[in-house]
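First up is the structure itself, then whatever we jot down about it.
As the structure is a computational prediction, the values presented were derived from the model and not from experiment.
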There are 2 protein chains.
Amino acid sequence: MNDIFKALNDATRREILDLLKEKDLSAGEIADAFNISKPSISHHLDILKRADLITSEKNGQFIIYSINTTIMEDVLQWILTFKQ
Amino acid sequence: MNDIFKALNDATRREILDLLKEKDLSAGEIADAFNISKPSISHHLDILKRADLITSEKNGQFIIYSINTTIMEDVLQWILTFKQ
DNA sequence: TATATATTTAGACAAATATCTAAATACTTT
DNA sequence: AAAGTATTTAGATATTTGTCTAAATATATA
């Protein structure tokens, strides 16, 4: 839970999730969507991956990232405890 | 949205919300629930307040904190965009 | 096999954060 | 008015975080 909230506590990472919500993307395609260096994006991807919010699969020289929506369920459940 | 996720990105603050979910509490009562100094708890309360996740009301020499569940709706909606 | 492309790892650094103690503010009670 | 209680503000400090450049690794292609 800590890892999830930590991962979500960054606008760039939330935008990455928003992108992956639409379709799977390679690390480079994700990096191209931001004005941030590739190593920094790679670091963000690592944090999202450690939180299990995304998964990755190697495809030739590319690494394709996909969103893992099941982990969002945990956050959803926690949030729902506040709805009376 | 940034403020909300920032506020939620701390185990102590999430526990404070869990406490306030049960009932309103004074700053001192909240502080008593943790092994952290009162000034530190006061700082956490300030961050939660800036994120609109809690409200406060002075009652004599006490300050009573309450949870504001309506702001959770924003997070809920964002999370829900990932379902399906 | 040499070169180009895709991505990550390593190391550095500035900014943000969580915590503390000491002091200030505000209210209550004697 | 003085002393006590509740809470916050101020200032310091160690840790974490986001970013960068340079270098390393892995795959593809000529």
Side-chain angles (χ1 to χ4, degrees), chain A residues 1-20 22-68 71 75 78, chain B residues 1-20 22-68 71 75 78:
Chain A
M1 206 62 171
N2 224 317
D3 286 344
I4 301 177
F5 278 111
K6 189 186 298 284
L8 295 179
N9 182 34
D10 182 274
T12 300
R13 288 194 292 269
R14 291 197 300 275
E15 280 186 57
I16 290 174
L17 292 177
D18 283 331
L19 287 176
L20 292 178
E22 302 306 324
K23 66 170 195 280
D24 296 353
L25 293 169
S26 70
E29 288 174 313
I30 294 168
D32 288 345
F34 299 91
N35 250 340
I36 295 178
S37 72
K38 281 172 206 291
S40 294
I41 293 293
S42 183
H43 182 230
H44 284 308
L45 291 171
D46 185 52
I47 290 168
L48 288 169
K49 205 170 156 185
R50 284 172 192 279
D52 259 334
L53 284 162
I54 61 175
T55 59
S56 66
E57 198 179 353
K58 180 164 268 180
N59 186 344
Q61 70 198 127
F62 299 87
I63 295 178
I64 305 301
Y65 284 92
S66 312
I67 199 163
N68 176 22
I71 211 75
V75 187
W78 186 78
Chain B
M1 205 63 172
N2 224 315
D3 286 345
I4 301 177
F5 278 112
K6 190 186 297 284
L8 295 179
N9 182 33
D10 182 276
T12 299
R13 287 195 290 269
R14 290 197 301 274
E15 279 186 59
I16 290 175
L17 292 176
D18 283 331
L19 288 176
L20 292 178
E22 302 305 324
K23 67 169 193 284
D24 295 352
L25 293 169
S26 70
E29 288 173 315
I30 294 168
D32 289 345
F34 298 91
N35 250 340
I36 295 177
S37 71
K38 281 172 206 291
S40 294
I41 293 293
S42 182
H43 181 231
H44 283 308
L45 291 170
D46 185 52
I47 290 168
L48 287 169
K49 205 170 156 187
R50 284 172 192 279
D52 259 334
L53 284 162
I54 62 176
T55 59
S56 66
E57 198 179 354
K58 181 163 267 182
N59 187 345
Q61 70 198 127
F62 298 88
I63 295 179
I64 306 300
Y65 284 91
S66 311
I67 198 162
N68 175 23
I71 211 74
V75 187
W78 186 79

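Side-chain atoms of A/F34 and A/L19, non-hydrogen and from C-beta on, do get closer than 4.5 Å to each other. Put simply, the side chain of B/L25 does not reach to within 4.5 Å of the side chain of B/Y65, judged on heavy atoms.
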Task: Where protein sits on nucleotides 15-23 of chain D, one letter per nucleotide: B base, S sugar-phosphate only, - none, heavy atoms under 4.0 Å - done: --SSBBBB-
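Between the CG atom of B/L45 and the P atom of D/dT9 there is a distance of 11 Å, given to the nearest Å. Going from atom CD1 of B/I54 over to atom C1' of D/dT8 covers 14 Å, rounded to whole Å. Residue A/L48 contributes atom CG, which lies 12 Å from atom P of C/dT8 at whole-angstrom precision. In this structure, CG of B/D3 is placed 14 Å from P of C/dA16, rounded to the nearest angstrom. Straight-line distance from the CG atom of B/L8 to the P atom of C/dT17: 14 Å, rounded to whole Å. The distance between atom CG of B/D46 and atom C1' of D/dT8, rounded to the nearest whole Å, is 9 Å. Between the CD1 atom of B/I41 and the C1' atom of D/dT9 there is a distance of 16 Å, rounded to whole Å. The separation between A/K49 atom NZ and C/dT7 atom C1' is 11 Å, rounded to whole Å.
Note on B/S26: a side-chain N or O is less than 4.0 Å away from OP1 or OP2 of D/dT7. In this structure, B/Y65 does not reach the D/dA6 phosphate: none of its side-chain N or O atoms is under 4.0 Å from OP1 or OP2.
The backbone N or O of A/I64 sits nowhere less than 3.5 Å from a side-chain atom of A/D24 that would complete a donor-acceptor pair. At least one donor-acceptor pair closer than 3.5 Å links the side chain of A/R14 to the backbone N or O of A/L8.
Ion pairing between B/K49 and B/D3 fails under the 4.0 Å rule for side-chain N and carboxylate O.
Under 3.5 Å, the side chain of B/Q61 and the base of C/dT28 form no donor-acceptor pair of N or O atoms.
Remark: A/I47 CD1 to A/D10 CG distance equals 7.5 Å, nearest 0.5 Å.
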